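First the structure, in the form of structure tokens, and then the observations on it.
What you are looking at is a predicted structure, and each value in this text was computed from that prediction instead of being measured. Letters go in sequence order (proteins before strands), and every chain restarts at 1.
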There are 2 protein chains.
Amino acid sequence: MFIKNLPHKTVERLSQYRRALLMILSKEKTHVFSHEIAQMLHITPVQVRRDLMLIGYSGNLRKGYDIKELIELIGKIIDSERGQRVAVVGLGNLGKAFISYFKGKRSKLSMIAAFDINPEKINRVFDGVPCYHINQLTDIIKQNNISIGIITVPSEQAPEIAESLVLSGIKGILNYTPKPLNVPAYVYLEEYDMITSLEKVAFFAKKNDERFK
Amino acid sequence: MFIKNLPHKTVERLSQYRRALLMILSKEKTHVFSHEIAQMLHITPVQVRRDLMLIGYSGNLRKGYDIKELIELIGKIIDSERGQRVAVVGLGNLGKAFISYFKGKRSKLSMIAAFDINPEKINRVFDGVPCYHINQLTDIIKQNNISIGIITVPSEQAPEIAESLVLSGIKGILNYTPKPLNVPAYVYLEEYDMITSLEKVAFFAKKNDERFK
DNA sequence: CTTTTATTGTTTATTTATTAACAATGATAA
DNA sequence: TTATCATTGTTAATAAATAAACAATAAAAG
Ligand SMILES: NC(=O)c1ccc[n+]([C@@H]2O[C@H](COP(=O)([O-])OP(=O)(O)OC[C@H]3O[C@@H](n4cnc5c(N)ncnc54)[C@H](O)[C@@H]3O)[C@@H](O)[C@H]2O)c1
Ligand SMILES: NC(=O)c1ccc[n+]([C@@H]2O[C@H](COP(=O)([O-])OP(=O)(O)OC[C@H]3O[C@@H](n4cnc5c(N)ncnc54)[C@H](O)[C@@H]3O)[C@@H](O)[C@H]2O)c1
């Protein structure tokens, strides 16, 4: 299903809606109101309704939104029909943590391979994901049609890894190293640094503290 | 140093500017132009100059910005003068990864304690950070004046941990579990889920792929 | 029946964030 | 000396994101 120009923030929230809905799905409830979704995610009900309007979903005036239906529709919008394959480059603390967290979470995204240079990790399987030597990167990516790469190598190595990923035909990169990368425009790049998040929390915690004291 | 109402995004970028500047500091250069900072972070030079204007920093028309001076000023704005203390709750894959990454990174943020329930982890030291039993949480936090908590316990435990943190007087929480939390308004809460990031990358990678093909 | 109520869906307004435009500067070159 | 240049600092314009406003609806209550 195609909807043109979905705002970035809406895409993020759709993922969050689905996550939250999957969490409450078990609990016998079949429907949910916009204000319930809103409360779970600390946003306003209007925001929720607006997002759902953008993806063309209609709820029931009295019962709210059908949870199962909505989960399915979000899938149709944000997932790729044929699925997308993912690889992790750098199987250290963070790479392993990611793989263990990801396991069994999303059916349309499959974690296909990990890469490292450490001989102790190569040719072993971690949480169901085989680890290959980094020099097999291009081959494995092309063979398996992997389109998304997660970078969790030491930051100095990140630029060359990014370059290899791009040359291997990857379409999206999630970079967890603090080293900002350069990739061509046709590759979608998302960067995240935990320390920046922590510093942001520290800043606003300090500010709140002054304000509320 | 106080500057009222710094935009959220600017605070994030200030942290990123500092990170990038620290990285190039070694390389003999003493000054940097706005377009150089911009290129490193994939933003526009105007954005950089605007942010620096907001914090009242002036560069040299011919040489650009003094790297050391700027790093220092950013510190004066976003760091707390007396420092802030941080604790990690849940010393599993992600908690350990965070601690090992954080080690030695920021002088004004100190990682003081970790908490867990697993007896094998309690009373041991990980990367310089002592791990305590979760039932000591309030005591340790109050004794050490810890004001920021990072939550990396299994998601089902997250709500009760958040509540304990709040009751212990914490001022900011960084939640890495996929369970959205509720905290009072005087506590700053930041939530991050890796799978949402991955899904966002997957969505825009797919979209780019259609557009550029 | 009629009114009240709680909700959705959508338009309009507001706020926040980004980008464009351009004057000011001062070094360098003509 | 005067013009050119690349840069900063700031204001003005645009775009993106959020929130407010409110009509429409249908169930429930009176
Ligand atoms: N640990 C965290 O929470 C965290 C958080 C944010 C960012 N980071 C960043 O993520 C990166 C990884 O962190 P980590 O704690 O997992 O580090 P780590 O040292 O535990 O893991 C890095 C892994 O990459 C492998 N590696 C090294 N060079 C490689 C190469 N050329 N090709 C393939 N693999 C290679 C290493 O063998 C190791 O297994 C670092 O850049 C760090 O800055 C980590
Ligand atoms: N691994 C990742 O990359 C990743 C990414 C995003 C989010 N998460 C989330 O972060 C959380 C932790 O992930 P993980 O991979 O580190 O899991 P993990 O199981 O390795 O670690 C959890 C730790 O919390 C401890 N714990 C359990 N109950 C506790 C309690 N009541 N008090 C204190 N400690 C307690 C456990 O003993 C364990 O050491 C999970 O909720 C996961 O969903 C993980």
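In this structure, CG of B:L52 is placed 10 Å from C1' of D:dT8, rounded to the nearest angstrom. A:R13 places its CZ atom 15 Å from the P atom of D:dA16, with the value rounded to the nearest Å. In this structure, NE2 of B:H8 is placed 9 Å from P of C:dT16, rounded to the nearest angstrom. As a whole-Å value, the separation of A:I43 CD1 from D:dA19 P is 9 Å. Nucleotide C:dG9 holds its P atom 11 Å from the CG atom of A:L70, rounded to whole Å. Rounded to whole Å, atom P of D:dT7 lies 17 Å from atom CG of B:D66. Atom-to-atom, NZ of B:K63 to P of D:dT7 comes out at 15 Å; the value is rounded to the nearest Å. Taking atom NE2 on A:H42 and atom P on D:dA19, their separation rounds to 14 Å, with Å as the unit.
Residues B:R50 and B:H35 both approach DNA chain D. Their nearest nucleotides, taken by heavy-atom distance, put B:H35 toward the 5′ side.
For A:S58, the listed nucleotide lying nearest its side chain is C:dG9; candidates were D:dT8, C:dT18, C:dG9. Of the listed nucleotides (C:dT7, C:dT10, C:dA17), C:dT7 has the atom at the smallest distance from the side chain of A:F33. The B:Y65 side chain lies nearest to D:dT8 when the options are D:dA19, D:dT8, D:dT18. For A:Q47, counting side-chain heavy atoms from C-beta on, the closest listed nucleotide (D:dA19, D:dG9, D:dT10) is D:dA19. Across C:dT18, D:dA17, D:dG9, the shortest atom-to-atom separation from the side chain of A:P7 is found for D:dA17.
The closest donor-acceptor contact from the side chain of A:S168 to the backbone of A:I170 lies at 3.5 Å or more, if one exists at all. Side-chain atoms of B:E191 come within 3.5 Å of backbone atoms of B:L181 as a donor-acceptor pair (strictly under, hydrogens ignored). Not a single donor-acceptor pair under 3.5 Å links the side chain of A:T196 to the backbone N or O of B:E12.
Residues B:T152 and B:F98 form no side-chain contact, since every pair of their non-hydrogen atoms from C-beta on lies 4.5 Å or further apart.
With salt bridges taken as basic N to acidic carboxylate O contacts below 4.0 Å, one links A:D79 and A:R18. A salt bridge is defined here as a Lys NZ or Arg NE, NH1 or NH2 lying under 4.0 Å from an Asp or Glu carboxylate O, and A:R19 with B:E199 fails to meet this definition.
Pairs passing the ring-ring contact (aromatic ring centres under 6.0 Å, His included) check and including a residue from residues 13-50 of chain A, sequence neighbours excluded, read A:F33-A:H35.
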Along nucleotides 22-30 of chain D, 5' to 3', which nucleotides get a B, which get an S, and which get a -, given that the test is a protein heavy-atom distance under 4.0 Å?
-> ---BBB---
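Nucleic acid contact for B:T10: none, since no nucleic acid atom lies under 4.0 Å from a heavy atom of the residue.
Put simply, A:T44 has no side-chain N or O that comes within less than 4.0 Å of OP1 or OP2 on D:dT18.
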